[in-house]
Amino acid sequence: MKIAIVGAGAMGCLYGAKLSSVPENEVYLIDVWKEHIDAIRRNGLVMEEKESLVTYDRVKGISDPNEAGFCDLAIVFVKSTLTSMAVKLNKAVFGPETIALTLQNGLGNIDLIRAEIGEQNVIAGTTAHGATMLGPGSMRHAGSGKTIIGELDGNRTERIEKIAALFTEAGLETDISDHVIGLVWDKLMVNVGINALTGITKLHNGELLDHPEIVALLEAAVAEAKAVAEAKNIRLSFQDPIGHTKDVCRATAANKSSMLQDILNNKTTEIDMINGAIIREGASAGIATPVNFVLTNLIRFMQK
Ligand code: PAF
């Protein structure tokens, strides 16, 4: 399969590298970060995983999407603040038959991609992997978890089965879901509980659980998000999203969350699509979200 990864950050590199290990795949990592793309072209993508270094030299780093042309699958992995712009700038990989998959954090990406390439070619999902950039051409796979993907209408199509099988073959264990919107909210709960708090405290994901006062905030933020989801009749997979968020803290204990990485690198964070989305959705559903309001505004202040 010919695959484009739009956005070669740590998560994009993880998926690109793993997918390139299947011999019949042709995988392009697309990014505007020139030093990073040059390093991948020169030396391959170097991944630190379980304390060993593996070089993936079949994955192709490119800055110009025309070098790839139309792909069978395009995985959008840019930060959700950049989704529309990234799809617009990389139209060269999105042909009439290209399936676009978003595995991004936050609410709103599905609609933004649909607005650019049309309804029927968009599928979505979530990932529980954690990854960190180490420098140009090099990243760490910091925590493993499942990938879950699905068609927006819930149908179990041939294309979704093919992609799930391909991911699993590449070492990215993948399940299929018939309620992908609920899944996006499942992941949103996790990000609501972990990301802003790690950004503010500078703790690694696992360390959040070592501090009772931080655990109290994590629980309160996720409880608000759960109340909003229930008010909007979103079908969540987890009875206990707080417990699930703590499980993800443990599974990705060594990881610096994507929001902490953004704060440390002086980059814009995804706060407005995560805790900020809970404030917006809460307001429209009549649910108060004071903890998410505080977390959102502290991160907005920090990223200024
Ligand atoms: O945004 C992130 O960092 C990740 O979604 C997660 C699961 C919180 C792991 O760090």
Side-chain angles (χ1 to χ4, degrees), residues 5 7-15 47-49 75-83 101-109 124-134 139-149 172-175 180 183-210 214-215 217-219 221-222 225 236-238 241-265 267-278 292 295-296 299 302-303:
I5 312 284
M11 292 296 291
C13 285
L14 171 67
Y15 276 73
M47 189 187 305
E48 189 188 303
E49 195 172 30
I75 310 179
V76 182
F77 250 132
V78 291
K79 275 200 292 172
S80 44
T81 45
L82 302 173
T83 300
L101 166 64
T102 163
L103 292 175
Q104 298 157 282
N105 286 338
L107 269 196
N109 294 300
T126 57
T127 168
H129 286 279
T132 310
M133 236 29 240
L134 297 177
M139 44 76 62
R140 174 184 303 129
H141 185 190
S144 282
K146 264 195 186 161
T147 306
I148 311 182
I149 59 173
L172 300 159
E173 190 193 349
T174 298
D175 285 350
V180 82
L183 271 190
V184 171
W185 275 80
D186 288 338
K187 178 69 189 291
L188 182 66
M189 302 280 145
V190 170
N191 294 126
V192 160
I194 296 179
N195 291 30
L197 282 170
T198 49
I200 293 162
T201 61
K202 313 278 191 295
L203 294 170
H204 289 89
N205 294 357
E207 291 169 337
L208 291 178
L209 302 182
D210 297 339
I214 303 301
V215 172
L217 290 172
L218 179 154
E219 289 172 349
V222 178
L236 297 174
S237 314
F238 298 94
I242 296 174
H244 175 61
T245 303
K246 291 179 183 173
D247 288 345
V248 175
C249 286
R250 290 182 202 100
T252 61
N255 202 29
K256 284 184 185 151
S257 80
S258 53
M259 196 167 290
L260 173 54
Q261 294 181 51
D262 287 339
I263 293 283
L264 295 175
N265 296 323
K267 287 192 178 155
T268 309
T269 72
E270 296 180 307
I271 192 71
D272 288 308
M273 283 68 146
I274 299 177
N275 305 77
I278 297 301
N292 282 284
L295 295 178
T296 300
I299 292 286
M302 291 171 80
Q303 76 182 5

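Note that the structure is predicted; figures quoted are calculated from it, not measured. Just so you know, ligand 1 is whichever comes first in the structure, and atom 1 is the first atom listed for that ligand.
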Side-chain donor-acceptor pair present, Glu270, Ser80, cut-off under 3.5 Å:
yes
Tabulating one pair per line, provide the atom names and distances (0.1 Å) for every N/O atom of ligand 1 that is less than 3.5 Å from a protein N/O atom.
{"residue": "ligand 1", "atom": "1 (O)", "partner": "Asn105", "partner atom": "ND2", "Å": "2.8"}
{"residue": "ligand 1", "atom": "1 (O)", "partner": "Asn191", "partner atom": "ND2", "Å": "3.4"}
{"residue": "ligand 1", "atom": "1 (O)", "partner": "Asn195", "partner atom": "ND2", "Å": "3.0"}
{"residue": "ligand 1", "atom": "1 (O)", "partner": "Ser258", "partner atom": "OG", "Å": "2.5"}
{"residue": "ligand 1", "atom": "3 (O)", "partner": "Ser258", "partner atom": "N", "Å": "2.7"}
{"residue": "ligand 1", "atom": "3 (O)", "partner": "Ser258", "partner atom": "OG", "Å": "3.4"}
{"residue": "ligand 1", "atom": "5 (O)", "partner": "Asn105", "partner atom": "OD1", "Å": "3.4"}
{"residue": "ligand 1", "atom": "5 (O)", "partner": "Lys187", "partner atom": "NZ", "Å": "3.2"}
{"residue": "ligand 1", "atom": "5 (O)", "partner": "Asn191", "partner atom": "ND2", "Å": "3.0"}
{"residue": "ligand 1", "atom": "10 (O)", "partner": "Asn205", "partner atom": "ND2", "Å": "2.8"}
{"residue": "ligand 1", "atom": "10 (O)", "partner": "Asn255", "partner atom": "ND2", "Å": "2.8"}

So which pairs with a foot in residues 255-264 pass salt bridge (charged side-chain N to carboxylate O under 4.0 Å, His left out), sequence neighbours left out?
Lys79-Asp262
Kindly indicate, with the supporting measurements, whether the criterion side-chain contact (heavy atoms from CB on, under 4.5 Å) is fulfilled by Ile149 and Val180.
CA-CA 7 Å; Ile149 59 173; Val180 82; over 6 Å; no
Separation of Leu197 CG from Leu208 CG (nearest 0.5 Å):
6.0 Å
Those residues that, when tested against Ile200, pass side chain to side chain contact (heavy atoms under 4.5 Å, CB included) (two or more places apart)
Leu295, Leu298, Ile299, Met302
With sequence neighbours excluded, what pairs up with His204 under the side-chain hydrogen bond (donor to acceptor under 3.5 Å, both in side chains) test?
Glu207
